[in-house]
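Inspection log for the structure reproduced underneath, given as structure tokens.
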There are 2 protein chains.
Amino acid sequence: MVPGVDDLPSWLLTQTAAQAGRLVAAEFAAEGARGYHYRLLRSLIDEGPASQADLGRRTGIHFSDVVASLNELTTGGWIARTPDPADRRRNVVTITPTGLHRAEVLATRAAAVQDHLLAPLSQEERAAFVATLTKLLHHLRPHESEE
Amino acid sequence: MVPGVDDLPSWLLTQTAAQAGRLVAAEFAAEGARGYHYRLLRSLIDEGPASQADLGRRTGIHFSDVVASLNELTTGGWIARTPDPADRRRNVVTITPTGLHRAEVLATRAAAVQDHLLAPLSQEERAAFVATLTKLLHHLRPHESEE
DNA sequence: CACTAACGTTAGTTGCCCTAACGTTAGACG
DNA sequence: CGTCTAACGTTAGGGCAACTAACGTTAGTG
């Protein structure tokens with residue numbers, strides 16, 4: 001291992017994340033999905049139907065990318081959009097039975113990746129790692145943690 | 001914090017890395033540089049002049065992106081490319097005094113980011129975190145660790 | 001001499017993250 | 001009631017990292 005750049009925590013973090021991201025992306029691609037799709041579906045499952053703007057706020061996905069991703073999910077029949085009669089500016093997005101099923105499949109795939117990702121770590125190390133990442137993420141992105 | 005996606009280690013990892021990456025990118029951008037530039041300059045400093053192919057192998061940057069990045073570094077006068085008389089397929093890339101200085105500035109900037117990134121952690125937690133990331137990276141990218 | 005591989009270049013794609021401009025709708029204010 | 005600001009959603013695009021594919025030149029091997 002060379003000294004210098006390779007021991008910068010930020011570099012280690014981004015390189016490890018890139019590898020982890022590839023693993024997850026490969027699993028999702030096998031199901032015809034992407035990371036944004038899963039994030040949106042999970043938000044709908046966990047927090048119920050929402051406007052597109054709310055989905056963007058919940059998931060951290062930029063509103064313009066929410067539009068594109070919801071278009072893809074609509075095409076696949078995984079979600080449905082309906083205008084909100086109470087506020088015609090808004091669509092209300094709901095997950096469909098198909099989408100629910102797809103999300104479950106994606107969740108299973110994502111869970112399997114975690115085991116591979118964290119294979120070299122003991123249970124105690126895993127817990128510590130997750131706690132550290134959570135702490136750092138709250139530090140770096142405080143507005144998300146105020147939820 | 002919502003359950004589900006948000007507690008997947010891979011998600012925490014990629015979100016934290018994205019934030020860390022933005023911090024580093026902002027510092028480098030202020031110096032007219034990018035992450036690839038720094039990685040290439042550091043490799044030249046730490047391991048000496050090299051062919052483009054070797055630089056790609058050392059840094060993990062894809063050979064086509066090495067070309068593009070070296071073009072930018074050449075334009076800025078931070079590196080020089082000369083054909084290798086021993087093998088005319090190759091260029092030998094060397095860092096210039098300007099490049100050496102720029103790399104030092106970038107190193108200082110990058111180091112400052114690490115302090116911000118890891119601010120919520122104690123020294124012991126920082127060491128553990130770096131050790132864990134290193135272990136995971138070796139696991140996920142074994143060919144790099146054989147160096 | 002033919003073939004394979006290495007080297008470097010060019011052009012492009014994908015996904016994540018982001019910016020900008022626009023039209024429609026809602027609510028506040030005078 | 002009209003004007004203004006903001007919210008919502010859409011469209012089009014960019015930057016960066018990471019990656020793929022095709023091509024021409026050079027080197028080494030059989």
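Values below: every heavy atom of this structure, side chains too, minus hydrogens, waters and symmetry copies. Residue numbers start from 1 in every chain, and the chains themselves are labelled A, B, ... in the order their sequence lines are given, proteins ahead of strands.
Residues satisfying the side-chain contact (heavy atoms from CB on, under 4.5 Å) test with B:Pro120, not counting sequence neighbours, are A:Lys135, A:Leu136, A:His139. Among residues two or more places apart in sequence or in another chain, the side-chain contact (heavy atoms from CB on, under 4.5 Å) test is passed with A:Ala128 by none. Applying the side-chain contact (heavy atoms from CB on, under 4.5 Å) criterion to B:Val92, with sequence neighbours excluded, gives B:Pro49, B:Thr82, B:Asp84, B:Thr94. With sequence neighbours excluded, no residue forms a salt bridge (Lys or Arg N to Asp or Glu O under 4.0 Å) with A:Arg81. Applying the salt bridge (Lys or Arg N to Asp or Glu O under 4.0 Å) criterion to B:Arg109, with sequence neighbours excluded, gives B:Glu27, B:Glu31.
Residue A:Arg88 has its side chain nearest to C:dA26 when only C:dC17, D:dT20, C:dA26 are considered. Side chain of B:Tyr36, nearest nucleotide from C:dC18, D:dC19, D:dA18: D:dA18.
Among the protein residues, A:Gly21 comes within range of no part of the nucleic acid, since none of its heavy atoms lies under 4.0 Å from any strand. At the heavy-atom level, A:Gln19 lies nowhere under 4.0 Å from the strands shown.
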What protein N or O atoms touch nucleotides 7-11 of chain D N or O atoms at under 3.5 angstrom, if any, and at what distances?
residue : atom : partner : partner atom : Å
D:dA7   : O4'  : A:Arg89 : NH1          : 3.3
D:dC8   : OP1  : A:Arg90 : NH2          : 3.3
D:dC8   : OP2  : A:Arg57 : NH1          : 3.4
D:dC8   : O3'  : A:Arg89 : O            : 3.4
D:dG9   : OP1  : A:Gln52 : N            : 3.4
D:dG9   : OP1  : A:Asn91 : N            : 2.7
D:dG9   : OP1  : A:Asn91 : O            : 3.2
D:dG9   : OP2  : A:Gln52 : N            : 3.3
D:dG9   : OP2  : A:Ala53 : N            : 2.5
D:dT10  : OP2  : A:Gln52 : OE1          : 3.2
D:dT10  : OP2  : A:Gln52 : NE2          : 2.5
D:dT10  : OP2  : A:Arg81 : NH2          : 3.4

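A:Ser43 places no side-chain N or O within donor-acceptor distance of the main-chain N or O of A:Leu55, the cut-off being under 3.5 Å.
Look at B:Arg39 and you'll find a side-chain N or O under 4.0 angstrom from OP1 or OP2 of D:dA18. Applying the 4.0 Å criterion to OP1 and OP2 of D:dA17, one finds that A:Gln15 has every side-chain N and O outside that range.
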